[in-house]
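Below is one structure, written out as structure tokens; the observations come after it.
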Amino acid sequence: MTVVLTILGILFVVVGVGVSIALHEIGHLVPAKLFGVKAPQYMIGFGPTLWSRRFGETEYGLKAIPLGGYVRMIGMFPPKGRGEDEHHLRASSTGRWAAMVDDARTQSMEEIQPGDEDRVFYKRKSWQKVVVMLGGPTMNLVIATVLIGGVLMGHGVFVEHGAKVASVVECVRPAGADASSACTENDQRTPAAVAGLLPGDRIVSIGGTTVDGTATVGRVVRPSAGQALPVVVERAGQQQTLTITPITNALPRLDAEGVPVTGSDGKPLTVQTGYIGMQSAPVGAIEKQPITAVPGAVGNAVAQTAGVIVKIPEKMVGIAKAAFGSGERDPNGPISVVGVGRIGGEVAAGQVQGLEGTTSKLITLIMLIASLNVALFVFNLIPLLPLDGGHVVGAVWEAIRRGFARVARRPDPGYVDVAKGLPIAYAMSVVLVVMGGLLIYADIVRPVKLG
């Protein structure tokens, strides 16, 4: 049964990824057609074509490698700019990169058939180019918003109303040590054990601060080493006050969201701070959220994803160390489609701690696809070719140049030659292939563990 559930989880992710890619490309195709751009191909995947069918002037199909998709639009690159003489043309062909640019430009021009001269992409207005290129990422954002909104409003999310004692560590251990090993007479007892905290105690307040969630406990305890803190707990329906004096110990460093900070090797960073020897657990319930909560949840997801993408070079170092050495994978780092599929299989098979019941598993899988779409949205906005953001930058720069020319009463500077950015696109493509290969390998030999 476990194998069947794992396969179903992987299939759920595969279908979700496929639909996300298909809708991303629809986001490009629809505005392109609305603005009169000819689009001969709409393909999901890369490599050899497995199936295709032509509807009107566009061929729709599936290719063998399901790692993306594309919409081929004619005339993506303008012809050579005005004022370029034959000497420049001959000189440009001597360089390897320039020759590749010239070849790409020539191929783009060869796609233009008689009667299609005004249906090329480069002749569209600047704002139309922006709409076409942002259509794909925007579709991913819409998908993520619908999925996240559906979960928040239809099912609800866990809302913390307090915290309780999940476990008490009997003796002091340094960060990373095995807390389950037996204590000896020479070991120092933890402040929580000395104070008499018991698993199941609900923490009402600590240090005079009302506890409305697990984060409150750490926020009060960590800066209070050496200070006696009154702790009000509820035990068996009765409240009682205990006194706990945190000691200084090496603990994981936390960010503003309370998430452990890891180094480039994927291992958690530590800091000397207040410690009492207790694990807290949230107290709360699943509550449906209003529609007004959706924008904030989506914005938070986008911000977190952007933070990961900004640190990709650093993260990839840790992934390489984990894949080819003894480093640990950062659970908050990037993963490949293979990794996403693997996680989907583990979720469906019930191999992730804390996920019980079909509903919880389904919600987790839905949020997994939502997170993937957020990643596609943010990643495609990077202002470098061949990503959508690179074309957007070209269109915006074109609009700025023409705007200045109009104000200064100068001649129209013409179209921005995006083809000149192709060397960057080729270099980026190599980087993306290498990164993708490394992530896939790491997700096979050292996968991310959710629990």
Side-chain angles (χ1 to χ4, degrees), residues 20-39 41-44 46 67-79 81 101 104-105 108 111 119-145 298-299 301-303 305-310 312 372-406 412-432 435:
S20 299
I21 293 173
L23 291 177
H24 174 99
E25 301 305 333
I26 287 291
H28 292 308
L29 182 66
V30 171
K33 285 182 172 290
L34 287 176
F35 297 143
V37 179
K38 185 176 181 179
Q41 275 192 323
Y42 167 94
M43 290 289 170
I44 305 303
F46 301 104
L67 296 178
Y70 65 91
V71 173
R72 186 161 63 86
M73 294 173 275
I74 67 170
M76 290 295 294
F77 309 126
V101 171
R105 195 195 313 277
S108 178
E111 292 179 334
R119 301 192 62 194
V120 293
F121 178 79
Y122 75 83
K123 286 187 177 181
R124 299 307 98 185
K125 296 178 180 179
S126 299
W127 69 267
Q128 292 176 333
K129 295 178 183 178
V130 171
V131 170
V132 171
M133 299 317 299
L134 285 183
T138 300
M139 184 65 78
N140 291 124
L141 182 62
V142 170
I143 295 170
T145 301
V298 174
V302 169
T305 303
V308 172
I309 289 178
V310 168
I312 274 186
L372 175 67
N373 276 275
V374 171
L376 288 173
F377 167 71
V378 176
F379 187 72
N380 275 285
L381 292 184
I382 296 176
L384 294 173
L385 293 174
L387 301 174
D388 298 331
H391 290 281
V392 170
V393 168
V396 171
W397 177 237
E398 181 177 283
I400 292 174
R401 287 203 318 167
R402 285 181 160 171
F404 275 122
R406 283 194 299 269
D412 186 344
Y415 306 108
V416 166
D417 190 3
V418 181
K420 292 181 179 179
L422 284 178
I424 297 176
Y426 297 141
M428 274 292 295
S429 297
V430 172
V431 171
L432 293 176
M435 286 175 51

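Bear in mind the structure is a predicted one, so any value in this text is a computation, not a measurement.
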Next on the checklist: Determine whether a donor-acceptor pair (N or O, by modelled atom type, separation under 3.5 Å) exists between the side chain of Y70 and the backbone of Q41.
Outcome noted: no
Checklist entry - Are any side-chain N or O atoms of R124 and backbone N or O atoms of V130, one a donor and one an acceptor, separated by less than 3.5 Å? => result no
Heavy-atom pair with the smallest gap, counting every atom of [X] and [Y]:
X    : Y    : result
V393 : P383 : CG2-CB, 3.4 Å
P386 : M428 : CD-CB, 3.8 Å
L29  : A39  : CD1-CB, 3.7 Å
V418 : P78  : N-CD, 4.4 Å
P137 : N380 : CG-CB, 3.8 Å
F77  : L422 : CZ-CD2, 3.8 Å

Starting at [atom1] of [X], measure out to [atom2] of [Y] and round the result to the nearest 0.5 Å.
X    : Y    : atom1 : atom2 : answer
L134 : H28  : CG    : NE2   : 8.5 Å
L381 : N140 : CG    : CG    : 9.5 Å
T305 : F379 : OG1   : CZ    : 12.5 Å
H391 : F121 : NE2   : CZ    : 7.0 Å
L387 : L432 : CG    : CG    : 6.0 Å
K123 : I74  : NZ    : CD1   : 10.0 Å

Checklist entry - Can you tell if the side chain of H24 reaches within under 4.5 Å of the side chain of D388, non-hydrogen atoms only? => result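 SC-SC contact between H24 and D388 confirmed.
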Item to check | Flag side-chain contact, heavy atom, 4.5 Å: V37 against V132 | outcome: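 No, their side chains stay 4.5 Å or more apart.
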Checklist entry - Between Y415 and E398, does any side-chain donor sit less than 3.5 Å from a side-chain acceptor? => result no
Item to check | More than 12 heavy atoms from other groups under 6.0 Å of CG on L34 | outcome: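 Yes.
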Next on the checklist: Please determine whether the number of non-hydrogen atoms from other residues, nucleotides or ligands lying under 6.0 Å from atom CZ of F404 exceeds 12.
Outcome noted: no
